Structures are given as C-alpha cells and as structure tokens.
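Given the structure is predicted, the values throughout are model-derived calculations rather than measurements. Numbers restart at 1 for each chain; the letters A, B, ... are given by sequence-line order, proteins then strands.
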There are 2 protein chains.
Amino acid sequence: MVTIYDIADHTGYSIATVSKALNNKKVSEKARRKILDAVEELHYTPNSSARTLATNKSWMIGVVFGENLGSGIAHPFFGQVIEGFKKHAELYNYDLLFVSRHMGLQQETYKHLSHRGVDGVVIVQSHGEDEIKKLDHMIPTVYIDRPTNESGTVYSDNQSGSRLAVNHLVENGHTKIAHIMGNQTTFPGIERATGFKKAMHEHGLPVREEYLVDGGFYSQAGGREAMIRLLSLKDKPTAVYVGGDEMAIAAMKVTKESGLKVPEDISFIGFDDIKIAQHVEPALTTIRQDKELIGQQAAIILLDKIAAKDTTRIVNKKMIPVTLIKRESVKRLA
Amino acid sequence: MVTIYDIADHTGYSIATVSKALNNKKVSEKARRKILDAVEELHYTPNSSARTLATNKSWMIGVVFGENLGSGIAHPFFGQVIEGFKKHAELYNYDLLFVSRHMGLQQETYKHLSHRGVDGVVIVQSHGEDEIKKLDHMIPTVYIDRPTNESGTVYSDNQSGSRLAVNHLVENGHTKIAHIMGNQTTFPGIERATGFKKAMHEHGLPVREEYLVDGGFYSQAGGREAMIRLLSLKDKPTAVYVGGDEMAIAAMKVTKESGLKVPEDISFIGFDDIKIAQHVEPALTTIRQDKELIGQQAAIILLDKIAAKDTTRIVNKKMIPVTLIKRESVKRLA
DNA sequence: TCTCCAATCGAAAGCGCTTTACATGCGCAC
DNA sequence: GTGCGCATGTAAAGCGCTTTCGATTGGAGA
C-alpha cells in the first residue's frame, strides 16, 4: 500500500505538505504539481479510514430498513425511494452504507451505526420501533414515511391522497364507498383512513362501520383477506379505496375470482402507484406517490442537517404532494 | 466520544487489556467482567475506522451497479439479487457499501473502492466496462450475470432456459417461433440467443433471419420496437420467445394493441420472472431466474475468497438452474 | 525457603492521515 | 547593511485501536 509517506519520500516534501496539496490547502504551485505527479506515478490512493479517524467525518450515510419490510432493498416502494435518495446523496460524494439488522434489536442497530461513524442516517419504515429515536441525539437523522417530533421527516400528503380518491369516486357517481385500510399503527395507514373519513364527511356521505376493513401491512395476502370480508357483505360497496397498491391488486383479483366484474361491479382505487399497477387488468387507478422526490427531499434534509451540525433541534417535515392517476379500475355509475 | 482509554481509566487496566477483553483474546475472567461492565456503564462504542486502520479489515463489501442499469437499486431483477446477497453477507457481519458512481469512469470507481478499503466487491451488470477488471487484482471480486476469466461469477443457466422455452413452445405445436433478443453485447443476451438457436436445431426447426430481432437493453421500449418489427412481417410467427420479461410485457401489449389476441394469435414466453409477470394479462409464461439464490451464491463465493485471502486466482463460476413457469401466455396450437 | 514456570498484564510502536504551531528563507523598504 | 513581513514548508501530536514482546506476579514443586 502506498501512503503519503511514499509520496513525501519521492518528492522530497514532508507528509504535511503532501496532505495539504491533496486537500487543496495552500501550497506553492510547484509543490502541488510535483506531488500530484508523484500521486499519479505511484498510484497512490488515500485511505479513508485514516482520514475518517483524523477528521471524524466518514462521508457515509447509514440506511436502515424497518424490520417489517420483508423485501428490504427490493421493496417496490421503498426501493425506489432509496434510489432517489442515493442519486442526490451521490452528488455530494456520500456513499450509502446498508447496515445489517440481523442483530435484531434496534438498540443494536443504533450502536452499530455509531460504531460505523456514519455522518447521517436515513430510516425507512412506517411504524413502531421507537427505540431508534435515541439515534437522533447522536447522529443527524431523517425518517421516511414516519412522523417524529425530534427530527427531519418526509412523507406523502396522505390525507389529500384520500380526498383525491374519494372525490374521483364521488364524481363518478359512487356513494357506497369502502376503504381497505393499512395497519392502523402505521402512519400512512392512519392518515389515509383519516383522510378518507374526512372526505366522506365533506361529501355528506356516511362512513359505514362494515365498509372499513383492516388490510394489515400492505401485503397482497392482507388485501385479499380484507376484500373477502367486503365481498361477504349483503350490501356490497360499489367502490373501494384501498390504502396500498399491493393490497388493491389482490383485492381486485379476489373479486374477479368471485365472479364479479372489475370495474363494472366494483371500482377500485389504490395508493402508491407501484410499477405493477399499470400492468394489471384492469389497469389500476391509483394515487401516485412521487418516490424519487421523496427520496431526494429526504437527502436534502439530511445533508442540510449534517452541514449545519444541527444541534438546534430544528424539526423539518416535508409533505410531498400526490397525484391521481386515472386508469381503468374506476367505472362511472349509471 | 468514549474510547478504550476511558474504559482503561475506569477499570484500572491498560488499553491493551481492554482491547483484548473486547476481542475475546486471553484475559482473566475477572478483568473481562470488570471491563465489560465498564463498557456497559460508559456506553462505549468501538470506532470502526480506528479498528479498520489497525487491522486492515473493514467488514464492508462494495456494491457496484453497472451504468446501464438506469434504475439502480430499484431494478426489478438486480434489486432482488442484491437483497439475496445482503441476507447472506449479513450473517457474517458484513455491511454493504453502495458507492456512488457519478464520477463516471470505472477507473474512478475502482479507485474509490480501494480508497474505501472494502474487503470485497460485488459487481452487478451484464456487459462492457472491462476497465473494472483491474479491481480484481486488488480486491476479491464477484460478478453477477457476467462471465470473466479472472474471478468469481454467478449467472443463470441461460442456454437451458432457452431450451426450456423452445421445448415448451414446440410441445404446444409451435414451429414458427421468433426470438426477441437482449442486446448482443450482453452476456445473457448472447447466451439466450445461442440457446435458442441450438434448441431450434435440436427440433429440426429453421431459425429464420427475420424472426431474430434485437430488443436492446431489456427495456419495455426496446421490446415494443422489436415486436413491431415482427408484427410487420407478412408471415408472422405464432410464438415468440422474449429474452427478458420487461421486453415480453411490452411485446404482448403492442400485439394486443395491433388487434391480435394473446395467446390465441401469438404466444409469448419471457425470461426472468419479475414480479409483474404474474400480474399482466394474460399472465406471462416465463423462465424464472432464482434471484435470491443467485445473490446468495455470489455472497458465498465472495466470502470464501475473502477468507482465503485468495491469491491462487481460482476461477469460480456458478451456474444457477432456471425453471419454466407456466402461466397463460402460451396457447396450444390446434 | 528458594526456584522456576505459566499465566496475566502493560508499554510502546504502528496503522495512514490531518492540523496546529512554529521555523525557515525570501524579497523588500529603509 | 539591517530589519521586517510574508509566503512556504515542517515537526510533532493526535485520531482510536491492535498487537508484539517483554515485565510482573503468583503459585507449585523441591
């Protein structure tokens, strides 16, 4: 391994001067030139551990996926969010460190992150595990899809999304509208359900108890179960607003299996606009979350925090607008 | 920041003893106990940079996505592969470092990786960019979906996949079979096309020039273009084997748009079995690559290399079996 | 009681880099 | 010729940890 000592020997300068030349500090042009030439010639590569040790700055950002996200990196929603985050962070020369979480306890994850000396942390999850809050006292942190009063966070405007969905349904003549909710301990689940109820009230529509079913943690299995419950009702809804595309897709599927037609008999609106949404039959009308933008904004918040050595405990929340994507799963009622 | 010096002061032992206790080296039970207690009490967290500097071992594995993979982490195929890789690497306490590649040149990526001192590198891409080979002389490396004579690599048994596809089509009475190829500078593209030709020959079927079209880099746009060319033929194929699901989905879509029925008029088989495949209409019959397994096997190879300080230049290639997933996009010819 | 050995611990060097505080040498004005 | 200030370079300490090798200790055996 070639070090600055080798460069120093080779050029006749001291290691201090070499270090300065490499860091664009003040040295004569002549020295800089000679040193840079030697760097080239000897194939010198700086050692980031040594630098981190000396400067206490790692240029790494830790990425933590919540345990409930089984698919991790490959998650259809959060994967894209992280990609958006990464693109922005890269511009500022940060690398992303995906830490392992098999140690189980969040407590351990938090220790691990500080062990690694990351400059900041982005946490991707939607519920529970408050233990990790401790992190924030130590390392700049930004949360995605999860509110917090201690830190930065970015999430979609879930309530407006619900309103968009209900409005669209009402405009198409629907009044018997059900809602398959995401788990009610998750932030998006709660917000979307709340928005749904508000929007129904705004239209003077009743929120019927039996039209409000829990679909669990946004999986197809959960969506399927919830829809089955809805289908077993004597007085079925004519439209259902589903708080997640995966659930919505499963819900559509099971209603088709039951012999009903989508959207002729029952209309559907999802939430997320994951890639699959446009490919199912009928193509799913849904509320699109801007995943790239969410990731990017999270990166912006985090980098700001890092730069500011933010000890001021500023709480920064960003709500990202959502849009209605009209496709084929909603039918106008005669 | 609390260091081993603090622990040493607090317990009365030297930093050497503290270090040993923390690393399960030989110290008395009494010392170990006192030290571990102090660690707990003072909330000591080791500093990985210092340790890496001293041991020359970072416990990080660098992850590099090829530039041609626009979607990066969110890629429907490679995202899952990396997730499989991660799961295995985690078991051995490695963290994954996704390095930024905006610096452009592979040359730079390679420097960056050695700058970071990662213990190993996994490269995810399917073509070109040979510059990165240099890496392998420095850092243990494993490639995914890309052959190399210098290193470890894992990929699916593409040729067998093609055979599976062709056999299935032939069994269903098809003889006029076209192939939309992945770009012929990519390894999977070449292999699948080769396998296709071989299989056709085995069945005594001609490989017609105009039935072999290039779909480019596995995108929907490319698949669409290629299919349009096939549809413009006077003598159309009755089945097309598409070297990638994204392309296949687009191809099916455009033939439906053209007024033809799938699979009644034209049957389709894809390759990959990405998540969307089962949701399109008709559900796509395809050759499934075992993404988790590919990732896991890549991790196994890499960790072996790292452990062996492999200077023996062993070339380790693993070919992962593929399976035919029958769904609805292939129709038996009358 | 004395010797000797094994077990246990610690001093110190070193990993590669940054940074402060100071030394050196130069040109310039007087 | 003297003195001054400035530009440039360097010595050395320090970041937190590992590891070698020698010092110390306690106890077993004679």
| query | Should the pair E292(B)-K87(B) be classified as a salt bridge under the 4.0 Å nitrogen-to-oxygen rule? | reply | yes

| query | Closest heavy-atom contact between Y218(B) and G189(B)? | reply | OH-N, 3.0 Å

| query | In Å, rounded to the nearest 0.5 Å, how long is the span from CD1 of I294(A) to CZ of F85(A)? | reply | 13.0 Å

| request: Verify the ring-centre separation between Y155(B) and F187(B): is it less than 6.0 angstrom? | output: yes

| message | Parallel, tilted or perpendicular, judged at 30° and 60°: which one describes the rings of F78(A) and H75(A)? | response | tilted

| Rounding to a whole Å, what distance do you find between I35(B):CD1 and dT8(C):C1'? | 12 Å

| request: Measure from CD on E29(A) to C1' on dG9(D) and round the result to the nearest Å. | output: 15 Å

| message | Measuring from atom CD1 of I61(A) to atom OH of Y92(A), what distance do you get when rounded to the nearest 0.5 angstrom? | response | 11.5 Å

| field | Gap between atoms CD1 and C1', on I7(B) and dG10(C) respectively (whole Å) | value | 17 Å

| request: Look at all strands and tell whether G12(B) reaches a base, only sugar-phosphate, or nothing, counting heavy atoms closer than 4.0 Å. | output: sugar-phosphate

| Could you run down nucleotides 12-21 of chain C 5' to 3' and tag each one B, S or - for protein heavy-atom contact under 4.0 Å? | --BBBBBB--

| query | Heavy-atom count around N56(B) CG within 6.0 Å, excluding the residue itself: above 12? | reply | no

| task | Output yes when at least one side-chain N/O atom of K26(B) is less than 4.0 Å from OP1 or OP2 of dA7(C), else no. | result | no

| message | Is any side-chain heavy atom of N47(A) closer than 4.5 Å to one of R51(A)? | response | no

| request: Scan side-chain atoms only and decide if Y44(B) and T3(B) contain a donor-acceptor pair under the 3.5 Å cut-off. | output: no

| Along nucleotides 22-27 of chain C, 5' to 3', which nucleotides get a B, which get an S, and which get a -, given that the test is a protein heavy-atom distance under 4.0 Å? | ------

| query | Do the non-hydrogen side-chain atoms of Y5(B) and V18(B) ever get within less than 4.5 Å of each other? | reply | no

| said: Let me check the geometry of the helix from dT1(C)-dA30(D) to dC30(C)-dG1(D). What is the bend angle between the axes at its two ends, five pairs each, to 10°? | reply: 60°

| query | Ignoring hydrogens and geometry, is there a side-chain-to-backbone donor-acceptor pair from N158(A) to S156(A) under 3.5 Å? | reply | yes

